[in-house]
Protein chains: 2
Amino acid sequence: MNNSRFPISLHILTLLDDAKGAVVSSEYLAGSININPVLVRKEIMNLRKHGFVDSKEGKGGGSYLAKNAIDINLGEVYLAVRNHHLLGQSKNEPNPKCPIGRQINQHLDTLYSDAESALIKNLSSQTLADFTSKFQ
Amino acid sequence: MNNSRFPISLHILTLLDDAKGAVVSSEYLAGSININPVLVRKEIMNLRKHGFVDSKEGKGGGSYLAKNAIDINLGEVYLAVRNHHLLGQSKNEPNPKCPIGRQINQHLDTLYSDAESALIKNLSSQTLADFTSKFQ
DNA sequence: TTGTACTGTAACAAATAAAATTACAGAATG
DNA sequence: CATTCTGTAATTTTATTTGTTACAGTACAA
């Protein structure tokens with residue numbers, strides 16, 4: 001159920017912030033996170049698509065933050081990586097002949113978006129810079 | 001990543017509330033949710049462990065709410081079924097030789113518990129009775 | 001007291017999803 | 001033009017989730 005894209009992306013962003021603008025290779029990032037470099041590059045592709053990072057190809061290439069860490073909040077990062085419903089969703093369609101089953105998905109949807117809004121609001125109160133400053 | 005225990009449990013509780021105290025079989029519940037009865041029984045085992053439902057074995061048996069729907073809030077239900085970290089956790093240990101990797105898990109943990117508290121607070125504002133009342 | 005309809009639970013199989021690996025084209029550098 | 005990177009696809013491996021089968025035990029009711 002659960003994938004680890006959020007912690008991976010945040011780990012990447014933290015390392016890039018720590019690099020203070022220097023270009024960092026996917027191999028180095030993968031080494032700190034302890035995952036495969038190709039997976040890092042896939043996450044970076046997504047982070048780039050959302051404007052958080054930029055990359056430089058070729059020899060001496062790598063990635064770097066595309067905006068100031070103070071202008072990236074963790075709610076945006078969450079939104080950039082989320083793919084599932086936060087509280088899980090059965091892929092099976094409930095029975096449409098059952099009066100409860102027929103309606104439950106729509107009610108779960110509103111429940112989920114309310115709950116997710118509360119989560120995002122909380123995450124948004126913290127910037128990448130706030131997060132990175134905790135490391136010494 | 002993502003499992004569907006929360007929607008399944010909430011679906012079960014909704015059906016039981018709707019049954020107004022009558023005993024409901026796992027087969028009936030499974031039919032509405034459109035999943036396997038054994039999976040329903042496993043979820044019920046957990047709901048029973050947390051005091052939300054009770055079951056009656058043998059012929060004519062099944063499950064029923066153990067407390068009033070007004071006394072069950074959705075935050076408690078979430079807590080009863082949660083098993084992973086909300087925002088995902090890489091099972092791989094980050095590199096302990098990296099100053100960021102070495103510390104990131106502890107910082108993610110506090111980030112997660114704050115965010116999860118916000119989510120639970122939101123969910124707790126709604127009772128099972130509130131949720132069920134949306135169905136007509 | 002026996003058949004029937006349930007739950008409880010374990011063991012296993014199948015399906016799905018996530019992650020790792022391999023491979024290689026293309027870009028930038030010296 | 002060799003080297004060191006990224007970008008990306010294809011494939012394999014591994015892990016997780018879900019479904020299935022099986023059967024003992026419990027309660028009811030004829």
Side-chain angles (χ1 to χ4, degrees), chain A residues 1-9 11-12 15-16 19 22-50 52-64 66 81-85 87-95, chain B residues 1-9 11-12 15-16 19 22-31 33-49 52-64 66 81-85 87-95:
Chain A
M1 131 168 31
N2 205 24
N3 68 21
S4 48
R5 292 186 57 201
F6 180 80
I8 288 174
S9 282
H11 197 145
I12 291 170
L15 289 165
L16 295 185
V23 152
V24 184
S25 76
S26 63
E27 190 134 0
Y28 177 85
L29 296 169
S32 170
I33 305 172
N34 196 22
I35 60 170
N36 195 283
V38 176
L39 188 54
V40 170
R41 298 208 281 267
K42 278 181 190 159
E43 275 314 311
I44 282 174
M45 207 170 7
N46 180 58
L47 291 171
R48 199 169 52 237
K49 201 175 76 191
H50 285 87
F52 298 124
V53 310
D54 238 319
S55 303
K56 205 182 147 201
E57 288 187 45
K59 186 173 180 178
S63 303
Y64 50 94
V81 301
R82 80 175 207 133
N83 47 7
H84 298 309
H85 267 290
L87 299 172
Q89 182 113 41
S90 179
K91 63 185 161 318
N92 285 303
E93 276 307 303
N95 188 345
Chain B
M1 110 192 80
N2 205 24
N3 67 20
S4 50
R5 292 186 58 202
F6 180 79
I8 289 174
S9 282
H11 198 145
I12 291 170
L15 289 165
L16 295 185
V23 152
V24 184
S25 77
S26 64
E27 191 134 358
Y28 178 85
L29 297 170
I33 306 174
N34 196 22
I35 58 170
N36 195 283
V38 176
L39 190 53
V40 170
R41 299 210 280 269
K42 278 179 191 163
E43 275 313 313
I44 283 174
M45 206 170 10
N46 181 57
L47 292 171
R48 199 168 53 236
K49 201 174 77 190
F52 298 124
V53 310
D54 239 318
S55 303
K56 203 181 148 201
E57 288 186 46
K59 188 172 180 178
S63 302
Y64 51 95
V81 302
R82 81 174 207 133
N83 46 7
H84 298 309
H85 266 288
L87 300 172
Q89 182 111 42
S90 179
K91 63 188 162 319
N92 285 303
E93 276 308 304
N95 188 344

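In the text below, chain A, chain B and the rest are named by the order of the sequence lines, each starting its count at 1.
Scanning for side chain to side chain contact (heavy atoms under 4.5 Å, CB included) contacts around A:Arg41 gives A:Ser26, A:Pro37, A:Val38, with sequence neighbours left out.
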ask   = Under the side-chain contact (heavy atoms from CB on, under 4.5 Å) criterion, do A:Leu16 and A:Leu29 qualify, and how do the steps go?
value = CA-CA 9 Å; A:Leu16 295 185; A:Leu29 296 169; 4.2 Å; yes
query = What's the verdict on side-chain contact (heavy atoms from CB on, under 4.5 Å) for B:Val24 and B:Tyr64, showing C-alpha distance, side-chain angles and the deciding distance?
reply = CA-CA 7 Å; B:Val24 184; B:Tyr64 51 95; over 6 Å; no
request  = Given side-chain contact (heavy atoms from CB on, under 4.5 Å), test A:Ile12 with A:Leu47 step by step and report yes or no.
outcome  = CA-CA 9 Å; A:Ile12 291 170; A:Leu47 291 171; 4.0 Å; yes
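When rounded to the nearest whole Å, the span between OH of B:Tyr28 and C1' of C:dT7 equals 19 Å. Remark: C1' of D:dT17 and CZ of B:Arg5 are 12 Å apart, rounded to the nearest angstrom. As rounded to whole Å, 16 Å separates atom C1' of D:dA27 from atom CG of B:Asp54. Atom CD of B:Glu43 and atom C1' of D:dT17 are 12 Å apart (whole Å). With rounding to whole Å, B:Leu39 atom CG is found 15 Å from C:dT9 atom P. Computed from coordinates, the A:Tyr64 OH to C:dA28 C1' distance equals 13 Å when rounded to whole Å.
Of all heavy-atom pairs between B:Val23 and B:Gly60, the closest is CG1-O, 3.5 Å.
OP1 and OP2 of D:dT18 both lie 4.0 Å or more from every side-chain N or O belonging to B:Asn36.
No more than 12 heavy atoms of other residues, nucleotides or ligands shown are found within 6.0 angstrom of OH on B:Tyr28.
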task = Summarise how protein sits on nucleotides 2-10 of chain D as a single string, 5' to 3': B when a protein heavy atom is under 4.0 Å from the base, S for sugar-phosphate-only contact, - for no contact.
result = -BBBBBBB-
